[in-house]
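Just the heavy atoms: all of them, side chains too, but no hydrogens, waters or symmetry mates, feed the values below. Quick note on labels: first sequence line is chain A, next is B, and so on, each numbered from 1. Being a predicted model, the structure only gives us computed values, none of them experimental.
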2 protein chains.
Amino acid sequence: MYQQVDRVRHDGGMSKQPKYQQVADALRRDIDSGTYEPGARLPSESDLMARFDASRNTVRSGLNVLVSQGLISSSQGLGYAVRKHEVFELNASRFENLTFPQNGDAYSTDVTNAGRRPHQTFRVELTTAPEYVAQRLKVDAGSRTVLRFCHRFVDDVPWSTQATHYPEWLIEQAPRLTEPGDIAEGTTRYLTSLGIEQVGYADEIATRMPTPEEARLLDIAPGVPVLLWTRTGYSTEKPIRCTITTLRGDLNRMNYEIGDLSARDENESQ
Amino acid sequence: MYQQVDRVRHDGGMSKQPKYQQVADALRRDIDSGTYEPGARLPSESDLMARFDASRNTVRSGLNVLVSQGLISSSQGLGYAVRKHEVFELNASRFENLTFPQNGDAYSTDVTNAGRRPHQTFRVELTTAPEYVAQRLKVDAGSRTVLRFCHRFVDDVPWSTQATHYPEWLIEQAPRLTEPGDIAEGTTRYLTSLGIEQVGYADEIATRMPTPEEARLLDIAPGVPVLLWTRTGYSTEKPIRCTITTLRGDLNRMNYEIGDLSARDENESQ
DNA sequence: TTGCTCAACTTGTTGGTACAAGCTCAGCTT
DNA sequence: AAGCTGAGCTTGTACCAACAAGTTGAGCAA
C-alpha cells in the first residue's frame, strides 16, 4: 500500500550523509560564502523542497539544524532569515570596578556611551539562599539573603539579568540594602561608606543553553546560549556579596584586562 | 480520505501550548524533580506515545526540544538519557600566569592534580592570520603568523583546542617558535629568556553554538555551546601573541581572581 | 484617501507509514 | 565454553497529508 520509492543514491554513490544534513550543509555553505547575507531571507521551504528534491519534513529537519546552531531564525508567516549578531563589550576588570563595582550607574554609562538607550527594572526580596549562593557566601544552606534583582534592556531588547545576594548578617550594618528601589550612589559605594570595603572578588564564567525561564526573561532565540557570570565579592574578612549575571550569549562579550596594556592602548587607531 | 480526528482539547480547555511543548515541559519537570536522575534512561518513544497520547513525531519533537537544550541525549539503539555534567575549573588569572602563562605544563599539572589523565596532540604551522587575529596582533590582514595548535583531551575525552598565533616579526628573534614539537620550558618562558617579556594581557570571552568543525574536533553533543577564550599578550611595546581557546561548554568553567581574596582562602573547609 | 477584507503566501503543529540501523540477549551451533 | 545468529527492542531518516496561524498586499468599499 505504501511503496518505498527507490532509496538508491542519485548523487553518484559517494554520499553517506542523510539528506537533511546535506540540506543543512549546503545552506551553511551558502551563508558562509555570502550568498545569503546576515539579515537576508532564505528561500521558502517550498523552494528548498524543489532545489533538493526532498519532502517538506526533510527540508525542515535541515533548517532546524541551522536554527539549533543559532545560524538562522524563523518566524511564522515571514520565513527564515540569516541571523545577524551584534556584540556588546563588557569590561569586567577595570580598576574602577574594585572600588565601585558594577553599580547600575556603570551599566547605564557604558550603554549610553555606546549610543544606546538603557532601561532596567528592579526588585528587592528577602529569600533563602540557593545552595550555589550559600556556598559562595559561606553561610548555611537555607539561610536568608537579601536579593537585589535587576532586569536590563538596551533599546528595549532584553540584555541580561543580574541577581545580587547579600548575606543576612550584613543587613544590620547596612539596612538600606533591603530598601526597594535603587540606591543612587551604588550599593558597593554605600557599603564602603559604612566601612565594609570590597577588597577582592572571584569571578566564575560558564555557559549553557538557557532554561525556559531564562529564555522567556531574555527573549532568547533557539540556538543561542547564555553566558553565566558569577562574581563573589570579599571584604578583608568575609564574602559580602554574590552576583549572578545571566547574559544573552549572542549579544555580549566579556573582557578582562590584566597587567600592563600600555602597548595596546598607545595608538588606538582600530 | 484523511479525517482530521478531533482537534478539540481533552485537557479541560485550559492549555494553549502545543502538545510537543507539553511533552517537553512534562519531561523537564520530571528531570528537575529527580524522577529521572542524571545518567538515567528515559522511557522509550513508544512509552511516551502512550503516556501523552501523541504520535511518534510529536513525541520526538518534544524530546528534540530537550536535546537542543542539552538536557538529554539520545543514541540509536539505546534510547534517551539525562545528561550528566562534570565541570573542570580553569584558573585564568593566577599570578603565575603573568610570568608563565598557560604553558602546556600548567594544563598537564592542573589535570593531573585533579586525578585525571591529560593527553594532547600538537602541530605547528605557518599561516596567514585570520582577520580576527590580525587585528589583535596589530599586523596587516593577510600577513603571516606562526600558529601553534593544540588539541587537548582529559581521560581521552576531547576537552579543548588552543590556537596560538605569533606575529611574523617575532620569528627572527625567536626562531624556535617554528619548531615542530613542544618547547619544553613553555613558549612564554622561552620568549622571556630572549628578553621578550609579556607584561600584560587582554582576555575576551564569548559563547555560541559550535561550528560543525568544532563539534567534530571536540565531539560536542547537540545542545552544548562552546566557550571562546581569546587572550592577547603584550610586551611593553607590541602585542606578541594571540591565543584562541575553544572549550566545551559542558565541561569547563573559567575563574578569575582579582584583588585580595585572603578572606576566601583562609578556611577552605568547603 | 482611508480602511477593510480576503486570497495567497509563509511557517507551525499533528497525524500517519515504512524502512534503516544500532544495541542486547536468548538460544543455537560449533 | 566459545562464538554466531537472529528476534525484538531502541532511535534515525524519509516520505505523505491536513489543517492552524502569522504576514503581506491587491483590490474593493466607504
Side-chain angles (χ1 to χ4, degrees), chain A residues 1-11 15-27 36 40-68 71-83 221-223, chain B residues 1-11 15-27 36 40-68 71-83 221-223:
Chain A
M1 103 208 247
Y2 218 92
Q3 82 280 30
Q4 193 62 20
V5 209
D6 167 88
R7 196 60 74 79
V8 181
R9 305 295 177 188
H10 287 284
D11 44 39
S15 90
K16 354 174 214 279
Q17 278 219 314
K19 200 185 259 193
Y20 78 94
Q21 267 296 345
Q22 297 177 29
V23 173
D25 290 346
L27 290 175
Y36 306 116
R41 262 200 62 188
L42 259 56
S44 72
E45 293 178 354
S46 310
D47 295 342
L48 295 173
M49 286 168 71
R51 170 171 166 193
F52 292 103
D53 184 32
S55 74
R56 188 169 167 223
N57 279 344
T58 303
V59 166
R60 282 178 66 83
S61 291
L63 288 163
N64 195 49
V65 170
L66 302 184
V67 170
S68 291
L71 201 64
I72 64 177
S73 64
S74 72
S75 26
Q76 193 169 359
L78 284 176
Y80 294 81
V82 182
R83 289 185 56 105
Chain B
M1 112 203 240
Y2 216 91
Q3 82 278 31
Q4 194 61 23
V5 209
D6 167 86
R7 196 60 72 78
V8 181
R9 305 296 178 191
H10 287 282
D11 44 38
S15 89
K16 351 173 214 282
Q17 278 218 315
K19 200 185 258 192
Y20 78 94
Q21 268 296 344
Q22 298 177 29
V23 172
D25 291 346
L27 289 176
Y36 307 116
R41 263 201 59 188
L42 259 58
S44 73
E45 293 178 353
S46 309
D47 295 342
L48 296 173
M49 286 168 70
R51 169 169 168 196
F52 293 103
D53 184 32
S55 74
R56 188 166 170 225
N57 279 343
T58 303
V59 166
R60 282 177 66 84
S61 290
L63 287 163
N64 195 48
V65 171
L66 301 185
V67 169
S68 291
L71 201 64
I72 63 176
S73 64
S74 72
S75 28
Q76 193 170 358
L78 284 175
Y80 294 82
V82 182
R83 290 184 55 109

task = May I have the distance from M49(B) (atom CE) to dG15(C) (atom P), rounded to whole angstrom?
result = 9 Å

query = Taking CZ from R56(A) and P from dG16(C), how many angstroms apart are they, rounded to a whole number?
reply = 18 Å

inquiry  = Looking at S55(A), is its backbone amide N or carbonyl O close enough to the side chain of K19(A) to form a donor-acceptor pair, meaning the two atoms are under 3.5 Å apart?
reply    = no

request  = Could you work out which one of dG16(C), dG12(D), dG12(C) sits closest to the side chain of E45(A)?
outcome  = dG12(C)

inquiry  = Looking only at the side chain of R60(A) (C-beta and beyond, no hydrogens), which of the listed nucleotides dT13(C), dG15(C), dT11(D) gets closest?
reply    = dT13(C)

task = List the steps, then state whether side-chain contact (heavy atoms from CB on, under 4.5 Å) holds for L27(B) with R51(B).
result = CA-CA 11 Å; L27(B) 289 176; R51(B) 169 169 168 196; 4.1 Å; yes

ask   = Roughly, in whole Å, what's the span from CD in Q21(A) to P in dA21(C)?
value = 16 Å

query = Can you find a side chain N or O atom of S75(B) that sits less than 4.0 Å from OP1 or OP2 on dT10(D)?
reply = no

query = Closest to the K19(A) side chain: dA14(D), dG22(D), dG12(D)?
reply = dA14(D)

request  = With side-chain contact (heavy atoms from CB on, under 4.5 Å) as the test, would you mind laying out the steps for N64(A) and N64(B) before giving the verdict?
outcome  = CA-CA 10 Å; N64(A) 195 49; N64(B) 195 48; 3.3 Å; yes

task = Take the protein atom CG of N57(B) and the nucleotide atom P of dC19(D), then report the distance between them rounded to whole Å.
result = 17 Å

ask   = dT23(D) P sits how many Å from L78(A) CG, rounded?
value = 6 Å

ask   = Among dC16(D), dT14(C), dT11(D), which is the nearest nucleotide to the side chain of T58(B)?
value = dT14(C)

query = Mapping S46(B) and V59(A) onto DNA chain D by nearest heavy atom, which one lands closer to the 5' end?
reply = S46(B)

message = What's S61(B) touching, base or sugar-phosphate or nothing? Going by heavy atoms closer than 4.0 Å.
response = nothing

ask   = Can you find a pair of side-chain heavy atoms, one from L63(B) and one from L42(B), that are under 4.5 Å apart?
value = yes

message = Is there a side-chain contact (heavy atoms from CB on, under 4.5 Å) between Q21(A) and D25(A)? Walk through the geometry before answering.
response = CA-CA 6 Å; Q21(A) 267 296 345; D25(A) 290 346; 3.5 Å; yes

message = Can you tell me which nucleotide in dT10(C), dT14(C), dA20(C) comes closest to the side chain of R41(A)?
response = dT10(C)

key: Short side-chain N/O contact from S44(B) to OP1 or OP2 of dT10(D), under 4.0 Å   = yes

ask   = dT13(D) P sits how many Å from Q22(A) CD, rounded?
value = 12 Å

ask   = Taking CG from N64(B) and C1' from dG12(D), how many angstroms apart are they, rounded to a whole number?
value = 12 Å

remark   = Result for 5'-nearest mapping on DNA chain D, choosing between Y20(A) and G77(B), is G77(B)

query = Can you check the K16(B) NZ to dG12(C) C1' distance for me, whole Å?
reply = 18 Å

